Each structure stands twice: as structure tokens, then as C-alpha cells.
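The shown structure was predicted, so the numbers you read here are calculated from the model rather than taken from an experiment. Order of the sequence lines sets the chain letters (A, B, ...), proteins ahead of strands, with each chain counted from 1. Atoms considered below: every heavy atom in the structure, side chains included; atoms not considered: hydrogens, waters and symmetry mates.
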Amino acid sequence: MAEILQILILGLALGGVIALMGSGLSLVFGVMRIVNLAHPALIIGGAYITYLAFKAFDIDPIAMLPVAAVTMAAVGVVLYRLLFQREARSAKYSEMTVLLTFALAMMVEGLLGSLFTNTQRVTSPDYATAAFFIGDVFIPKGQLYAGLVSLAIIAALSLFLKYSRLGYAIRATTQNREAAELLGVNVQFISVLAFAIGIGLAGAAGSLVSFVFSFFPAKHWEWIAMLMSVVVLGGMGSILGTVVGALILSVVAAFVGTWIGATWSTLTFFLALFIILLVRPQGLFGEKPEMA
Amino acid sequence: MTKLLEVTNITAGYGDGPAIIDGAHLTVEPGKVHCIIGPNGAGKSTLLKAICGMLSIRKGDVVFKGERLNGLRPDQILRKGICFVPQERALFAKMTVRENLRMGGFILDDKKELERRIEGILERFPILRERADQHAGTMSGGQQQTLAMARTLIIKPDIVMLDEPSLGLAPKVVQEMFDIMKMMSAEGVTVLLVEQNALMGLKNADWGVVLDLGRTLFEGPAATVLADPRIQELYLGGKKAA
Amino acid sequence: MTVTLQDSSASAVIEARRTYNEKLSRKTDQTRATWFPLALLALLAALPLLQFVGNYNYVLHLVLFTASYVAMASSWNILGGFAGYVSLGHAVFFGVGGYFSGMLLARYGISTLITAPLAGLVAAAIGYGVGLVTLKVRGPSFIISSIALLMIARILFDNWHFIGGANGLTLPTNDLTVQWAKLPYYYAMLAIAAFTVWSAYKIKHSKFGLGLRALSKDEIKAESAGIDTRFYKVVAFALSAFFVGMAGAVWGEYLTYLRPNIFLLILVSANMVLMCILGGKGTIAGPVIGAILIVALNELFVATMGASEINILGTGLVMAIGLMFFPLGLVGTLARSGKLPRILNWD
Amino acid sequence: ETLKIGASLPITGGLSVSGEKHKRGYELCTKLINDAGGILGRQVELIVSDNRSDTATAINQYERFINVDKVDAVYGTFSSRLTFPVASILSKYNMVHAIPSGGALRIYEQGYKNLFYFQVNAAEYTGKDVAAVIKQLIPAGEAPKSAAVVSADDFFANAIEAGLLGQKVKDPATDKEIADLAPGYLSDAGIEVLMQEKWPEEGFNDWLNLANSIKRSGAEMVIGLTASAEEAVQLTRSLKTVGATPKLVYLSQGAQTEFVEGVGKEAADGVLIHTTWHKDVPFDSTLAGKPFSNADFVKAFTAEYNVEPDEDSAIPFAVCQGIEQAILGAGTTDNAKMGEWLHARTKDDPVRTVLGRFSWDEVGLPVEKSHIMTQWQNGDLTFVYPTGEFEGVSPFSYPKNGF
Amino acid sequence: MLEVKNLCKHFGGIKAVDGATFTVEKGAITALIGPNGAGKTTAFNCISRTAAPTSGEVWLDGERIDHLRPHKITAKGLSRTFQISRNLGDMTVIENVIVQSRVDGLRGLFRPAMSREEKDKAMSILDFLGITRIAHEDGHNLSYGQKKLMDLAALLMSDPKIILLDEPAGGVNPSLMEEIVGHIRALNDKGLTVLIVEHNMDLIMRLSHKVVVMAHGKVICAGTPDVVRKDPHVLDAYLGGVLEDEAA
Ligand SMILES: Nc1ncnc2c1ncn2[C@@H]1O[C@H](COP(=O)(O)OP(=O)(O)OP(=O)(O)O)[C@@H](O)[C@H]1O
Ligand SMILES: Nc1ncnc2c1ncn2[C@@H]1O[C@H](COP(=O)(O)OP(=O)(O)OP(=O)(O)O)[C@@H](O)[C@H]1O
Ligand SMILES: [Mg+2]
Ligand SMILES: [Mg+2]
């Protein structure tokens, strides 16, 4: 019993962080129709910002989170203006952006590589390797804090999108750019804003990731497929779906990893993806496609 | 005679393609209903898109209340007082009817006032109230058209430009639609519409414009347009009208 | 000519309408140059003669390498370019082909040059099966499912001890001298590439190809136009796996080494996609030009910058710039604006 | 005319941490040689290419060196997984293949004649020295009785594991048996394996779970066969988080400074790692015909790069020394002659490098060398084994006192 | 020829089509009319199977077709247009038209995409509809009316036995519509069966042999145009006295 509980806790703890990593991806897709393959690379960017502050001034990674988020959001503004603005009206937008972001991922990796070399880094605040022990069961502090912070950010973001006027404008712009424009929405501003929020989330995730995983510029390739699986399982563009997907998959992966073998725990993510495509192609919380 | 909107000799096209309209002109007088007719592909929709800023104008001027509109974005032009409902309806398919109406009043800052006006719209169009929580994309063609039209009533613009408002509407509703338009113009909202249902359109309009070959071929009081035998033959399905 | 209704008859307007239409109507470009790819092929077939006057192994290697990507990118084009399903998992078929023929070579000594078509069929069969599942979704979901396919294949291959697991295995080398050792693979790969390009051309200009293009835009419309979309898609998937499998088979023996992380690499898939898009998705010449460009670019980076992160940065930058300024690919964008050099129109 | 030497290294990608350090080793050695007047009077030009940790690219680049750059010699690349395929192409061209990293037995059992491994022995035999530490340095009765063996699914890690567990090594292509390592070094040392687990080479994140399983197995010794320093850090941090309390921890990677930096001093304390090189070992060697001690190397490296070297730089440095001596010895850059000269080395007339003396058997594995077993103590990597051979051996610390 | 029995299509609580039953006689032009949201388009979708009916049966030529995939139904000779035109971008108009022509068997798949005859036929159809100038234009870059016309052209390409037209006149210039009406009538004379949804009453009354009226998903009345136009229910629910106006 204690063993099951323990595995469950570990799965959930990891799931919380993965949820935040995935939610930025999901948001950017949901509101911008951009499949941002560079998202993990930008997360690593955020992690480096946090790492530098930790190394130089001993600033706590969680305290660095707002700074990383804002910095990366600013980067997002620049990236949007440079790369995506001119594509926004094209019919093949969504598909084009997959490739553009692939290119972006390479650029980010190359840039980070030249700045920070390819040595692996990790921040180590005290809580990163500590745990609460409750009898036989322990809860890793680092993961716990990261998970809680993640969920708080995601909740705030969801409320913003659902109820604020800007949130409305963001959703409307996604669905029909021209219509939104005709109703008085400054779609360019809204697009930049949404993209910046998405990349800001990458920055925030980076801060948390910096003490949960170790990282180096080329690491992002390992995360992409995993995060994508989570997003598809939850339903492309649904943030709630991403959170649920991340938690479910992480828990299942934890059980598979413990009982069947660590090699197979990553397989869980991809297998789940295939199963969901078979039985419910739109994902857990996605919208139904047109033809039955 | 005061002019609210004046379009002089404009040229416009898509991207870097050929000029679709070349030498179109148009005069809009306050408080009247104007109807543009013309064959398919003549450039009617293109003209409206150019006026509202969705296409860039290559030559010529659009002057509204003495101010040049060339080069402004659609959202800026809307705030100046020109509202446009395109032929493709421009609804938010995955938002509910109510949310669509709310977006219609996006430029209103007063939330309470907005809700009140939405209530008024729902009052006037029972079908919309019935479907208030249905996604707009799943409504029937005519229902969508009704919604698109109703949405313009939320903000009270100086000019509404409607691209084929009667498209897909049942005869009974078409009549209602034109009644609403008349009422709007009575309230001081100027109406500029494009119609393929040309007879109906001209009958309910004050002023008629024939657009063909990317140019304005004729402009005059609606009754004159209706009576012209050449126009009847070319654009109104001749034989029957004669 | 100005016509106003005030002073002309209806027939004059109809006459004017005709001239107006004439002015706006768009002409088709019908200047295809099939002689050019044929000449290129002949030239490359003669290239190994250079070996008589020196050691040009590296040149041969580059051509062979490019040819393998020409085959793969053109093959990818059938699914990604014609049918509009962007797959980032095509490396799987590269791996399947490589391992299938490679194991036959290792165990029974049959050269992959003979078994390559068989490897293609195996890849196609797997493509068909996978397609039945993943082609249910389109757009980004499909792309991601294809990445997942690659990951699954990778994990399975990594743990399949019969084929050497993650460590891979070596294949016997042929007995030719260094000077001539590459030739069999050189000609095989050249043939595969030519065959693939020719097939892609044939497919594009068939009813099948037209159907694929239709369903790539709107499947419901395509269905109601009488196209069995499910069947078309799956067949397209199988076809586009076939040629990749063949290329993989020959590549394995050429490298003399099989290892999951040579074949089942997202970068291999990404290269196919990139080449296709950069050259011009859905065109015939596009993937060929894309493959040549990317390989050349890569060589350039290695030659001028050697080893550095700048290398990756540069590749990403070129890719982004290419996409931004040639959104339809070189061939596609030039064709649209009417500036395509004649020799590059193979459609 | 310069003397060109090419090396393809994983400067980017998954193996980049070590790749970058290898580059430094090659570069420093080249610089020192050139400062001393070059080889055979010719300045050496080092060409390093980034293979992005990708096998096909690595093969490519060596072909490019030989055919286009027309190099006189090559240096090997990093990691078994890249070395394996590169070996085949270099053999085809009859180039001397000096291997800095590529310890798996299978590389040497393919019949190539041009291989020279610049580490201690094939990875399969690493466990011998681990077992020796347990048997010789721990008082009888206190030695760990059980172990948890976790390993990366990597060429190198699998090879060490095969030796520890006494598995058969086979060539999967032909199913031919290469070596039978039964019963294995662990059972030799009287240790029972309670848990065995592998994680995939790429994309593994679930370290806490793995650490939790290790803890729950109750094993007294943890054997972590990590493929990179990164994995060593992750594993150690996780063991700390879950509160594992093994008596002994042995890792196959982690001699790098990044390791302590990543896990902290206390957690690193007592962790046992095998290496080929240690900064304090008094190896003497020659460079440019003059004596050049290991301490000289550390000094020169620190002066050049402002950090102390670790084995990932020392090994390639030794490779470079080996090639230099081969060219000098053969008096030419004819690789066939260089190979003959290298094969003719003996225990008394060896190649002398900062890794000590080298001579090779016919497949290319060094003869009679043993690993240096190191242990983190108080933030320093000290060496604790072999005890009789050199000065400066620190006492072995045991048991490990938590993390 | 076409028989719809008790057809139902529900979306959650909304009963778009709710037990509609009607028949289309061979060789006749039948009109389907009704207020907005009556379920006409949905009924079309169920017949051509682009949407799955909740319940009910559809029979074509004595064969039940409501479980077939859309392309099978098209192959049986039933073609339709969409109310909101669905056209294929990145394909020229002529390709859009030719894609609709029949492909027979596996071998047919690999025949050339556009044979000479097909091209000539397509061009003559485009010519008739007055849209030859856009023959090589991208299917996306059309005006609303042009899209409708292109759809119609595509439909005529496939030589169907029965066509379902969803508001073919919507957005089409009346003068051109006159000619199209003439053409449809000519085809009908040659044996083509037509089912048409339209709100243009004038056109319906002149063209159709039989009118079926739907409201709230049910058929409320069916008969000859003259019978229908006098039916009080129809007047009330749909026409709203428009015809009287015009008669006056
Ligand atoms: N997005 C576009 N890109 C390029 N050309 C276009 C585009 N939209 C329309 N056109 C071209 O512009 C011309 C005029 O189109 P427009 O939509 O203005 O016609 P219209 O008068 O509104 O016709 P209709 O009555 O059929 O709606 C057409 O010939 C069409 O081919
Ligand atoms: N996907 C859907 N989800 C929910 N309701 C739907 C959906 N599709 C259609 N409806 C509803 O079903 C009813 C019938 O729609 P349909 O499009 O068939 O009407 P129609 O008779 O074609 O009307 P029109 O003349 O306006 O085109 C409408 O009330 C519509 O809102
Ligand atoms: Mg129009
Ligand atoms: Mg309808």
C-alpha cells in the first residue's frame, strides 16, 4: 500500500512540472495555432536565466520565476515580430509554423550553446534534494513546490483567458482573425500578447525545471515528444486537458517504470498517444472534428 | 447635399495580384439606404473590403466625414464609425451566440450597457435567444446570417456595410431584414449594402449603384436604376422584370 | 476603353466584360523541362569515371548521400506534399528498411542491393498499418502522432536484442578496394532516387494524385466528390514509406553499421521535411533541389565553421529565412510569381 | 607544409559535455607540440569537426578528412557508440585508429588491425577493479552483501554490466559468441544482485522513481552505470532525495568537476568511480621528445583554460601524444608504418603518455593496465586504488554516510 | 428514386431533423423548402452521409444507402453541392471541377489526372457558367458567387443520376441564374433527377414539379407548387405573405 502511494506521489509530483511545461505549448497552439516545437528550447532558455542568477547571486530559483517569465515574454515579443507576424494571414499558417519553430529551436539551441557551452547545469537550492518524510512515504520538496507553483500559474492563466476582456479578444482572434479585426480588435497586438504569454510560461517553467532536471542546450529534443504527447492526449489547445494529461501520464509512467522497467516508462507517453488517437482522436478535452 | 463617405476612383486588388477594382467611385449620403448590384466577380465585395481597410488601396481616396481613411487598419476604421459584415459572415464558430454578440460590442467600454444591448437584441430576434448558448458554427445558414446582422446593431455605427444580407434567408425573414434596415436608416444609421437579390435590394433602397468590370458603371436613385431596361437585362434577370 | 451605361447598349457591356475578363485571366505555365533531370542523371552516372584519375570518394559519398535524401524527400512528398499529412516519423521506414535488409545480409549474406525492394515492401506494409490508425487525425495532431511513432519504434528497436538493441550491429564490408568500394551503392542509390522522382511525377499526374491534393485541402469535400479518402491516404502513406525503406536498406550496407540512433532519428525525418519544404512541397523538382541545397549548406558550414554551436545556429537561421521568404519553397514561390527558371519546372 | 590531423567530435548533441573536453585535450597537445617546433619539423594543423553526436555524420567527417582535407593522421572520437562505426571506415583506409573512448569488447573483436585503445582495458573488465576494491580495502565481514545494479542502455554501460553480472557477449549480427564473462565480478566478490534495471539512452526523466526502487530493494551497494556525468548527477541527487542509505556507491561516470557541482559535497562524499587518469598520479611521459610529466600537463592545462583538467581531456591528450610518438618513431606519416611501430611497443619500450605507459595486444587493447579507482572525499576527487603502485594514495572511506 | 424514411438527426437536445419522410421521383425536380433552421441542410448531409443520421433510412433506387461512406454514395450517382461552398484551395478551378469526375477501379487511379476530353468538357461547362476567365485561378481566390458556380460546374462534371443542390441561387446574379435554370431544366429533360433547396420562391415555383416543405425537422406539407403556395401553414411559417405582395 505504502509502495503504491509512494509511486502515486512521485508520479503526481513530476506531472505537475510537466503540466506547466506543456501548458505554454498548449496555450500557444490553442490561441495562435502555432505548434511551437521551440517551446522546450525556450524553457531551457528560462532555466539558464535562473541558473545564472543562482550561480552569481545565490537567488532562489522560485524567486527568479517572475524575472525569467518576463524576460522570456520579451523574447517572445521579438520572436513574434521577426518570425510569425508575416505568416499570420497565410492559409498554411499552422503547418508553416511547425517548421518555423523547428528552425527556431535550432537557433535557440545554437545560441545557448555558444553562450553557455554544452555543459550540463542544474541549480541546487536546499529543497531540490530534500523531502518530507511521512512514515514510510516521502514527498520530494523540490517537485512538490514546483508542482504547486505550476498549478497556481495555470489556474491564474485559465481564469484570465476565460473572463478578462483581453482573454476574449485572444480567443476571438484565434478563431477568426478577420472577424475580430472587423469588430475592433487590434489583432496584431493581441497576437503578440498571446505569444508573449506563451513564451513567458516557458520562462516560468524554465525556472522550475532548473532544479528538477538538469539541462543543457541540446536537452530540449528529449522533451519535445513527451510534451507533445501530453498536449495531444489532453486535446490540442485545452489547458485543462494538458494538466490532466500530464498528471495521468506521469502517474502511469511511474507505475510502468517501477513495475515493468524504467526503459518502458517513456514508452507510456507515446503508447497512450496512439491509443487515444484510436479511440478519441480529438483528445480528452478537445473539440470534436467535423466528420464522424 | 452632404456626403458622409466619398470614394473616388480607387484601385485595389489582392496581394500583388492584378487590380480587381480600378476606377470605382461611390458617394454615400447620411441616413439613406444604398444598394450596390453587379454580376458575380465584378468586385463588389472587394470594394467594401477596400473601404473598411481589409485590403490596401493602391490608388484613389476614401474620405469619411472629411477624413482620409486610406491605410488605417479595420479596427481603427470601425472605431471611426464604419461597420462591415462580410459575405463570409465572420462569426466565431466556436463561441456561443451570446459570446459572439459580446464580441460585437468589443469596442464598448461600458460592460453593463453592453449586456443591456445584448438583451435588446435577443428580444428582437427570438431565434437567437433560443440558441443563445449554441456554438455559432453549428447554426443553420440563415441563422448565422441573422446573427451576423444582429451583431452590428449592438454598436450604433454611422455606416453599416452589409455584403448580401439576405443571403440564405427565408422569404419571410428577408422582409424582416429589410424592415430592420429601413428602421436603422430612420434612426440615422446609413446603410450600404450589396445585393444579388437585386430586385428586393433596390426596392428597399434609396440609391442604386451598378458595379461591373471593377468600375462604377452607373449611379442614381434606386427607382431610376430599377427602371433602366439595360440594367434589367444585364443584372436583374431581364425577362421577368420586363 | 470606357463604357458607361448612360451611352451604350447591353451588348457593349457584355463585350467590355469579355475584355475585362481577358485582362484578369491567369495563364498556365506549360514549359516543362524534362530533359534537365535526365541530363543530370546521365552526368551523375558518368561521375565515377573520375576514380580513374584520382580519389574522389568523398565526392561520390556526397552524391550518394544527396541521392538518398532525394529519394527520401521525394517519397515523403507523396504523403506530406500531395496529401498534406506532414510526418516527422518517416525515419521509422528508413530504419525498417535498413534493419530488414541488414539482418538478411548479416545472417544469410544476401546483399541489400537485391533485397532493397523487399525492404521497401515491408516498410510499405508497416506504413499501411500505421496509417490506418494515425491518419484519422490531421494537422498538428498527425504531426505529433508521427513523432510518437518514431519514439515508439526507437524504444522497441533499442530493446530488441535480436537486432542488437541500442548498441546496434556491424555488417560485413564488401571485398572491393577502397577505390571502388562505393560504386555498387552509388549506382543503387542513384537508381532509387531516379525511380522515386519518376514515381512521384507519375503519381502527381494521376487521378490518384489529384485525389490526394483534393483531400489535402478538404476531406469532406473530397469524399463527396467521390474520393475514397481513407483508402487514398493509407495508400499514399504506404507508397511514401516504400521508397524510404528502399533507401534505408542500401544505406545500411553502405554504412556497414546499423544502430537505432543512426536510423531512428528525428533529424533524419526533419531533413526530409525541410528539404521538401525548402525546395517546394508538392512539386517534383522541389525535394530534389531541397536535398541538394541542404547537403551543400551543411558541407559549407562544416567547411567554414568546423565544429561549433554556430553551426546549428546557422542551419536554423537559413531554414527560418528560407521559410519566411519562400513560404511555398523555392520552386513553389518562384512558380507562383512566374519567375521559375525553365529548367526547374519538372511538373 | 603543415601536418594535418583530423578529429570528429560530438561538440553538440547528447555527448557534447565530453566532446568539448576532448577537443581541449587535442588542442592543448597540438599547441604544445607546435610551440616545441612541431613534428618532424612540420607544424601541426588540427582540424576538429562537430559530428553532433550523430554516427552518420562522424563517419562522413572522417571520410572528408581523408579524401578532401588529405589529413596525415586522425584522432579517434568520443564514446563507444561513435567509435564502433568509425572503426570500420578507418580500417578500410588503413588509418591508425587511436581510440580515446570506445571500450566495448565488440569493437576489438571485428578483426581490425589498426586499433589502439588509450584507456585501461575493455569496459567488460572494469568490474575487476571494483571487485578488487571491495575485497582489498574493506575489512572482511563489513563488505556489502547485496547490490542494486542500474545502468544506462548504452554501449559502454552495457559492457561494464556484462562483466559485473557475468553475461555472455555476443555479436547480434551473426549471433557469434565473443566472450563469456561468467560468473561475473560481483558474484566473485560475494555480492548478491537484488535489483537490476536499465533506463533508455535518451529521454529518461523519472529518476526519483528509479531511486525509490533502489532504496526499496534494500541493497547495500548501489552500482550506477551511467553513460554520462549528467546521468551520474541525476542519479545521485535522486538517491539523496529519497533518503537512500547504501554502504557503498559505485558510478561509472562522475569523475568530472560537474559532478560535485551538481550534487553537492556531502552527497558526493564516498562515491567510488573508476577512471583512467587522475591529476595526482605521478605518470611521466614525453612530448616533443622531452619529458613531460602528468603534473606538467595539469599545469599547462590550467594555465590555458583556467580550470583543472579531468580525464575527458587527459585521455585525448594521451592519444595525441601516442600519434606524435608513432610519427616520430616511424619517421613518416605513412599510417601503415606508424601502425607497425605502435604494434611493436612492449612493456619496456612503451608509448609514454600522461595516462602512463601503453603497449597493445594484437586486437588493440592495452596490456597490463589497471584502472585508477577514485573516490570523492570532501569535494576532492582522491585516488584510493591501486594502493601499492604510486605515491599519494588516500585512505578509502567506508561506509558511505548517507547523502 | 430517392426515399427518405423517418430520418432523424439530433445534436444533443437539438432535433435538427426529426422524423422527416419524403420521396423524390425519378426524373422530377423536387424542391425542399422551409424556414431557416428547418433542417434542410442537415437532411442533405444525412442523405449524402457527410453526417451520420441518428436514425431513419435513406433509399436510393431501391437500395439502402444510409450506412455507406460518402464516396460510395457519390459513386452510385448522387452528387451534391454545399450551402457554403467548400472549394479546394491551391488547386485551380479546372482541377476543382475535374476532381469530381469518375474514377473507375484501381487502374483508373493511375490514369492521367486530366485527359484531353475531360479538360474540354470542363472548359465547356465553365464557359457556359461564364467563368472561363478563372479557370486557372486558385480555388480560394474567388468571389462568393464564383465559388457557387464552380461547385455547380463540378457537379455537372460527374454525370450524376441525381443531384442535390443547396441554395444554388444564393449569391448568384439573377441574369446568370436565368440561364442556369434553363440549363437545369434541359438536363432534367434528359432524365436527371434534381432535389433543390432554395429560398428564392419565384425560382422554385417556376422550376419544380413537386415541393416538400419542412419545418422544425419535420415535413409539414408536400405537393405541387400550386398546392403548396396556398397552404396556410406554409404561408404562415415560411412565406410570410411575400407572394401576395408580388402578385399585387
Ligand atoms: N482572396 C482573393 N485573392 C485573389 N483574388 C480574389 C480574392 N477574392 C476575390 N478575388 C477575385 O476578385 C474578383 C472580384 O471578387 P469579389 O469578391 O469582389 O466579387 P463580387 O462582386 O463580390 O462577386 P459575388 O457577387 O460573386 O460575391 C473575382 O474575380 C475574384 O476572382
Ligand atoms: N452541429 C450542430 N450542432 C448543433 N445544432 C446544429 C448543428 N448543425 C445544425 N444544427 C441545428 O439544426 C437545425 C437545422 O439546421 P440546418 O442547417 O439543417 O437548417 P436549414 O434548413 O438548412 O436552414 P437554412 O435555410 O437557414 O440554411 C438548426 O436549428 C441548427 O441550429
Ligand atoms: Mg461578393
Ligand atoms: Mg441550409
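- Using a 4.5 Å cut-off between heavy atoms, C/Leu149 contacts chain A through both its backbone and its side chain.
- Of all the heavy atoms in C/Thr229 and C/Glu219, the pair that sits closest is CG2-O, 3.8 Å.
- A donor-acceptor contact shorter than 3.5 Å is absent between the side chain of C/Ser74 and the backbone of C/Pro287.
- With a 4.5 angstrom heavy-atom cutoff, A/Leu82 touches chain C only via backbone atoms.
- C/Tyr99 pairs in a ring-ring contact (aromatic ring centres under 6.0 Å, His included) with only one of the listed residues (C/Phe157, C/Phe94, C/Phe93), which is C/Phe157.
- For C/Ile144, the parts lying under 4.5 angstrom from a heavy atom of chain A are both the backbone and the side chain.
- Chain C forms more heavy-atom pairs under 4.5 Å with one residue of A/Leu104, A/Thr266, A/Leu273 than with any other, namely A/Leu273.
- Interface residue C/Leu317: backbone and side-chain heavy atoms are both found under 4.5 Å from chain A.
- Across C/Val137, C/Ile147, C/Leu150, the residue that shares the most heavy-atom pairs under 4.5 angstrom with chain A is C/Val137.
- For A/Thr101, no part lies under 4.5 angstrom from a heavy atom of chain C.
- Taking both residues in full, the closest heavy atoms of A/Val35 and A/Met228 are given as CG1-CE, 3.6 Å, listed atom of the first, atom of the second, then distance.
- Rounded to the nearest 0.5 angstrom, C/Ile289 CD1 and C/Leu334 CG are separated by 9.0 Å.
- Counting heavy-atom pairs under 4.5 Å between each of C/Gly139, C/Ser145, C/Ala148, C/Ser141 and chain A puts C/Ala148 at the top.
- For a residue to count as touching a neighbouring chain, one of its non-hydrogen atoms must lie under 4.5 Å from one of that chain's; by this rule C/Ile152 touches chain A with backbone and side chain alike.
- Aromatic ring centroids of A/Tyr48 and A/Phe215 lie under 6.0 Å apart.
- With rounding to the nearest 0.5 Å, the separation of CG in A/Leu112 from CE in A/Met107 is 12.0 Å.
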